[in-house]
Amino acid sequence: MPTLPIDDENAALYTIGQVADMLGVQLAFLRRLDEQRVIVPVRSAGGQRRYTRREIGQVAETLALIEEGVTLAGVRHVLTLRHRVAQLESDLAELRQERRVDSGRVARG
DNA sequence: GTTCTTACA
DNA sequence: TGTAAGAA
């Protein structure tokens, strides 16, 4: 079954206006996050920002962190570290899976 | 009608 | 951070 865009958390489908309405934030705020490299959405052919559901979630996360007093620069580090952790976790899961396969295989040749 | 950039309070 | 001007 093909992966539908509506099911893809990483599909860039939302305009800045839609995101601003959903989260109740200003258009300028989202542009600021882009400028500060906290949340950097892809651009459409016309140069307009397009947000993925994942990024929308990250914006919400950013809102929470800011309420805790974290600066935008701090939020940027949190998000990048979180991305690295997720990458390491998937790599680790893959290695563990390979180890299971190896240990379950009968030595031969 | 929306979004973009840049500038300013 | 919010608001405004002018262009796309």
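Below, all heavy atoms of this structure are taken into account, side chains as well, without hydrogens, waters or symmetry copies. No experiment lies behind these values; they were computed from the predicted model shown.
- For residues 55-70 of chain A, proximity to DNA chain B is found at no residue, defined as any non-hydrogen atom under 4.0 angstrom from a strand atom.
- The pair A:Arg53-A:Glu9 does not count as a salt bridge, with every side-chain nitrogen at least 4.0 angstrom from each carboxylate oxygen.
- Between A:Thr15 and B:dT3 there is a side-chain N or O to OP1 or OP2 distance below 4.0 Å.
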Pull out every protein N or O sitting under 3.5 Å from an N or O of nucleotides 4-7 of chain B, one pair per line with the distance.
unit_1 : atom_1 : unit_2  : atom_2 : d
B:dC4  : OP1    : A:Arg49 : N      : 2.7
B:dC4  : OP1    : A:Arg49 : NE     : 3.2
B:dC4  : OP2    : A:Arg31 : NE     : 3.3
B:dC4  : OP2    : A:Arg31 : NH2    : 3.3
B:dT5  : OP1    : A:Arg43 : NH1    : 3.2
B:dT5  : OP1    : A:Arg43 : NH2    : 3.2
B:dT5  : OP2    : A:Arg49 : NH2    : 2.4

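- Every residue meeting the side-chain hydrogen bond (donor to acceptor under 3.5 Å, both in side chains) condition with A:Gln48, not counting sequence neighbours, appears here in chain and number order: A:Arg50.
- For A:Gln97, the side-chain contact (heavy atoms from CB on, under 4.5 Å) partners at least two apart in sequence or on another chain are A:Arg100, A:Val101.
- Screening residues 17-30 of chain A for salt bridge (charged side-chain N to carboxylate O under 4.0 Å, His left out) gives no qualifying pairs among residues at least two apart or on separate chains.
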Ignoring hydrogens and angles, write down the donor-acceptor pairs under 3.5 Å from the side chains of residues 77-88 of chain A, residues two or more places apart or on other chains.
unit_1  : atom_1 : unit_2  : atom_2 : d
A:His77 : ND1    : A:Ala73 : O      : 3.2
A:Thr80 : OG1    : A:Arg76 : O      : 3.3
A:Thr80 : OG1    : A:His77 : O      : 2.9
A:Arg82 : NH1    : A:Glu61 : OE1    : 3.3
A:Gln87 : NE2    : A:Asp91 : OD1    : 3.3

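- By the side-chain contact (heavy atoms from CB on, under 4.5 Å) test, A:Leu23 is found to be paired with A:Val19, A:Val25, A:Ile56, A:Val59, residues two or more places apart in sequence or in another chain being considered.
- Residues that satisfy the salt bridge (charged side-chain N to carboxylate O under 4.0 Å, His left out) test with A:Arg43, not counting sequence neighbours, are A:Asp34.
- When the side-chain hydrogen bond (donor to acceptor under 3.5 Å, both in side chains) test is applied to A:Glu68, no partner is found at least two apart in sequence or on another chain.
- Nucleotides of DNA chain C that come within less than 4.0 Å of any heavy atom of chain A span, from the 5' end to the 3' end, C:dT1 to C:dT3.
- Under the side-chain contact (heavy atoms from CB on, under 4.5 Å) criterion, A:Leu72 pairs with A:Leu33, A:Gln36, A:Val38, A:Thr62, A:Ile66, not counting sequence neighbours.
- For the side-chain hydrogen bond (donor to acceptor under 3.5 Å, both in side chains) test, no residue two or more places apart in sequence or in another chain qualifies with A:Arg32.
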